[in-house]
Structures are given as structure tokens and as C-alpha cells.
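Counting starts at 1 for both ligands and their atoms, in listed order. No hydrogens, no waters, no symmetry mates; every other heavy atom, side chains included, goes into these values.
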Amino acid sequence: MAINCPRCKDRSLNHSRIEADLPALSCDGCGGSLLSLLAYRHWRENQPDADASASGAQELAEVQDTSVALCCPKCQHFMTKFRVSADAGNQIDLCVHCDEAWLDRGEWQLLDQLALSGRLTQVFTQPWQNRVRSTEAERRAEQRWSERLGADYARARELREWLRDSASARDILAYVNQVREEIPR
Ligand SMILES: [Zn+2]
Ligand SMILES: [Zn+2]
């Protein structure tokens with residue numbers, strides 16, 4: 001039975017390989033691939049050197065991310081979107097019923113490092129998703145401070161980082177805090 005592309009809908013997926021020994025079903029139209037996490041885990045177990053070969057400087061592949069909700073082409077349930085990181089805006093769609101992930105064109109390349117280190121499946125866990133959210137919240141807070149402090153932000157940040165590393169941070173703060181009395185309200 002033909003399985004249709006969840007994005008293009010009217011195109012059927014073809015057997016392909018996203019790595020030499022990692023089979024998937026891919027769409028010739030949009031370039032996306034349906035990857036079974038079972039196949040992924042199997043592939044990962046046979047990559048003994050993967051961690052060593054994961055390139056530190058991965059170039060960001062061009063990804064055409066799907067923002068609309070997708071239906072799993074196997075069971076027709078809605079797929080769940082998972083953020084990969086606070087840096088990368090893209091999301092991976094996963095059918096939690098079939099354990100099939102939909103990777104948009106270029107997404108595997110983007111995930112290369114995660115995939116090689118065997119962490120691709122961790123993306124779909126609550127702790128990972130929580131971490132992405134808290135990193136984003138921190139960034140938004142940082143952005144607000146940057147707007148509030150303007151030109152002084154860089155120095156203030158530097159001071160904060162320096163205090164963080166300092167064993168006498170409390171004393172320094174107490175010392176610095178003396179100027180409070182002199183600051184006009
Ligand atoms: Zn397609
Ligand atoms: Zn499914």
C-alpha cells in the first residue's frame with residue numbers, strides 16, 4: 001500500500017536512504033523523509049565511531065520547516081511537533097503512536113550532530129523540551145534587560161559574569177551597593 005507524503009498529500013513516499021545504512025521513506029516533491037525511530041535506533045547502535053566523527057562545526061542546512069500540523073501518513077493521527085533547540089527554530093514532527101518522525105528537507109543534515117551522538121530520540125522527551133523552553137525564557141529576559149540598559153548592557157553583563165565567578169561576590173555586591181544612597185531617585 002502506498003504511503004502518501006504528509007506535506008504534499010498527493011505524492012507517495014519512496015524507499016530511500018538518508019544514510020548509507022539508514023532506510024527511510026522520502027518524498028520526491030518536498031524532499032522530506034519519514035524516519036522510523038526503530039530504524040534510527042538500530043542504525044545508531046551500529047555507529048561505534050559516531051561520537052568521534054560528529055563534526056563540531058556543523059553548517060546549518062537549509063530547512064523548509066513545516067509549520068502546519070501534519071497527519072501521520074501511516075495511522076492518520078496528528079503528529080506532535082518537538083523543538084530541537086532554542087537556536088534552531090525548526091521542529092520535528094513525530095507520530096507518538098507509530099514512532100515515526102517526519103524530517104523536512106535538510107533537517108537530517110541539521111540534526112546530523114544530534115543524530116550521530118544518539119540524542120535524536122532525546123529531543124522527544126519532556127526534559128529536552130523543558131530545557132528548550134527555559135533557554136528561550138532566559139533569552140527573552142536577557143533581551144528585556146538589554147533593551148532596558150541600552151548602551152550599558154554589555155558592561156553590566158560583563159560585571160555579572162565576573163561576579164558569578166568570584167568567591168567574594170557577596171562582599172563585592174555589598175561594597176558596590178553603597179552607591180545606592182548616592183543615586184538620585
Ligand atoms: Zn512531499
Ligand atoms: Zn502514526
Side-chain angles (χ1 to χ4, degrees), residues 1-140:
M1 193 191 81
I3 296 175
N4 279 6
C5 171
R7 279 187 78 177
C8 306
K9 300 197 170 71
D10 55 347
R11 277 176 183 271
S12 57
L13 298 175
N14 304 309
H15 288 281
S16 68
R17 292 184 177 276
I18 52 180
E19 291 290 337
D21 40 9
L22 179 55
L25 291 171
S26 299
C27 172
D28 292 338
C30 64
S33 299
L34 189 70
L35 172 66
S36 144
L37 292 189
L38 196 69
Y40 167 74
R41 288 194 191 93
H42 179 74
W43 170 79
R44 181 58 189 80
E45 277 163 21
N46 292 296
Q47 303 290 315
D49 306 327
D51 288 331
S53 66
S55 60
Q58 66 167 338
E59 64 219 56
L60 290 181
E62 195 179 314
V63 178
Q64 299 178 329
D65 199 28
T66 316
S67 51
V68 294
L70 297 180
C71 283
C72 170
K74 288 197 166 170
C75 72
Q76 307 307 325
H77 277 100
F78 275 118
M79 300 180 89
T80 313
K81 292 187 184 294
F82 291 88
R83 290 285 308 276
V84 177
S85 76
D87 298 312
N90 66 306
Q91 300 175 304
I92 308 181
D93 296 272
L94 177 78
C95 174
V96 295
H97 304 278
C98 306
D99 247 10
E100 296 272 351
W102 176 257
L103 305 174
D104 290 309
R105 183 201 296 275
E107 217 152 39
W108 177 256
Q109 286 71 23
L110 186 76
L111 295 172
D112 203 25
Q113 209 165 8
L114 281 180
L116 282 172
S117 61
R119 294 192 300 163
L120 178 59
T121 45
Q122 284 181 34
V123 169
F124 309 120
T125 63
Q126 201 56 50
W128 187 285
Q129 291 303 308
N130 290 346
R131 202 161 52 237
V132 170
R133 272 193 283 273
S134 65
T135 304
E136 280 193 317
E138 272 165 36
R139 286 196 187 161
R140 277 195 299 273

His97 N/O/S atom closer than 2.8 Å to the Zn ion (ligand 2): no

Rounded to 10 degrees, the angle SG of Cys30 makes with SG of Cys27 at the Zn ion (ligand 1): 110°

Donor-acceptor contact present, side-chain Arg83 to main-chain Ser85, <3.5 Å: yes

Vertex the Zn ion (ligand 1), rays to SG in Cys8 and SG in Cys5 - rounded to 10°: 110°

Side-chain donor-acceptor contact under 3.5 Å, Asp10 with Asn4: no

Nearest-0.5 Å distance, CD of residue Gln122 to CG of residue Leu114: 8.5 Å

The Zn ion (ligand 2) contact by Cys75, N, O or S atom under 2.8 Å: yes

Charged N-O contact under 4.0 Å between Asp93 and Arg7: no

Angular separation of SG (Cys72) and SG (Cys98) seen from the Zn ion (ligand 2), to 10°: 120°

Within-4.5 Å side-chain heavy-atom neighbours: Trp102 and Leu35: no

